[in-house]
Amino acid sequence: QVQLVESGGGLVQAGGSLRLSCAASGTFASINGMGWYRQAPGKQRELVARITSGGSTDYADSVKGRFTISRDNAKNTVYLQMNSLKAEDTAVYYCNTAARLVAAKVFYEYWGQGTQVTVSS
């Protein structure tokens, strides 16, 4: 199986920055795409950013120009640099990845436990 552990969340004032990290570990053969999602109280979970193994990225319109996703394939880790944070960014952020387990023929999606990001205005 695959375990995803997020870190880097916390409390920050509006306009500040945070960097989230997510490290994947387990008995997987390979990891394909990785991404970040978030869920605020009373709202559905939404995609924030995602990155392919080749480095292609996609961002939600609400974070374009402020957030940057990157990954270190050697470390099986994905990062989310969040700048110019707004109160609207307050949410639990979840790491997501598609990984193929040893002896498996297909990829499965896995989720981290989430890390709280709170932006005070």
Side-chain angles (χ1 to χ4, degrees):
Q1 60 178 323
V2 177
Q3 294 81 42
L4 300 175
V5 180
E6 302 103 331
S7 62
L11 175 65
V12 65
Q13 292 186 333
S17 299
L18 284 174
R19 189 192 191 199
L20 306 183
S21 299
C22 172
S25 63
T27 56
F28 53 84
S30 62
I31 287 180
N32 197 1
M34 302 186 77
W36 289 95
Y37 292 72
R38 68 186 181 187
Q39 187 167 23
K43 300 183 66 177
Q44 293 185 312
R45 186 173 299 185
E46 64 175 351
L47 172 70
V48 177
R50 58 188 174 191
I51 185 169
T52 69
S53 59
S56 298
T57 59
D58 289 309
Y59 297 92
D61 289 340
S62 59
V63 306
K64 287 181 179 178
R66 299 188 297 118
F67 291 9
T68 302
I69 188 171
S70 61
R71 65 187 291 173
D72 186 333
N73 291 335
K75 297 180 179 180
N76 294 317
T77 300
V78 63
Y79 307 93
L80 185 67
Q81 178 66 47
M82 305 184 294
N83 299 324
S84 302
L85 284 163
K86 305 175 181 179
E88 305 88 84
D89 296 318
T90 296
V92 177
Y93 285 69
Y94 297 90
C95 179
N96 166 268
T97 189
R100 181 172 63 83
L101 302 181
V102 176
K105 297 182 181 296
V106 299
F107 285 83
Y108 295 90
E109 290 194 0
Y110 298 88
W111 295 88
Q113 82 288 350
T115 184
Q116 177 70 48
V117 171
T118 302
V119 184
S120 62
S121 58

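- One finds the CD1 atom of I31 at 11.5 Å from the CZ atom of R100 (value rounded to the nearest 0.5 Å).
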Can you give me every donor-acceptor pair (side chain of residues 59-67, partner residue at least two apart or in another chain, under 3.5 Å) with its distance?
residue	atom	partner	partner atom	Å
Y59	OH	I69	N	2.9
D61	OD1	K64	NZ	3.1
S62	OG	R38	NH2	3.3
R66	NH1	S84	O	3.0
R66	NH1	D89	OD2	2.8
R66	NH2	S62	O	2.8
R66	NH2	D89	OD1	3.0
R66	NH2	D89	OD2	3.4

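- If you take OG1 on T68 and OH on Y79, they are separated by 14.5 Å, rounding to the nearest 0.5 Å.
- Between A49 and L80, the closest heavy-atom pair is CB-CD1, 4.2 Å.
- To the nearest 0.5 Å, atoms CZ (R71) and OG (S21) are separated by 14.0 Å.
- Here the straight-line distance linking atom CE of M34 with atom CG of D72 works out to 10.5 Å at 0.5 Å rounding.
- Not a single donor-acceptor pair under 3.5 Å links the side chain of S53 to the backbone N or O of N32.
- Residues V106 and F28 share a single hydrophobic cluster, defined by chaining ILVMFWY side chains whose heavy atoms lie under 4.5 Å apart.
- Applying the side chain to side chain donor-acceptor pair (under 3.5 Å) rule to pairs touching residues 5-20 yields E6-Q113, S17-N83, sequence neighbours excluded.
- Residues E109 and N96 are in side-chain contact: their nearest non-hydrogen atoms beyond the backbone lie under 4.5 Å apart.
- Annotation: the span from W36 atom CH2 to L20 atom CG amounts to 4.5 Å, rounded to 0.5 Å.
- Within the structure, disulfide (SG to SG under 2.5 Å) contacts touching residues 30-121 (residues at least two apart or in different chains) are C22-C95.
- Sorted by first and then second residue, the disulfide (SG to SG under 2.5 Å) pairs involving residues 51-87 (not counting sequence neighbours) form an empty list.
- The nearest pair of heavy atoms linking A40 to A91 is N-CB, 3.8 Å.
- What you find for A24 and V2 is that their closest heavy atoms are CB-CG1, 4.4 Å.
- Grouped by direct or indirect side-chain proximity (heavy atoms under 4.5 Å, Ile/Leu/Val/Met/Phe/Trp/Tyr only), L47 sits with Y37, V92, Y94, W111.
- When atom types are taken as modelled, the side chain of T97 and the backbone of G33 share a donor-acceptor pair closer than 3.5 angstrom.
- Hydrophobic cluster of L11: no remaining members, since no ILVMFWY side chain lies below 4.5 Å from it.
- Atom CZ of R50 has 12 or fewer neighbouring heavy atoms from other residues, nucleotides or ligands inside a 6.0 Å radius.
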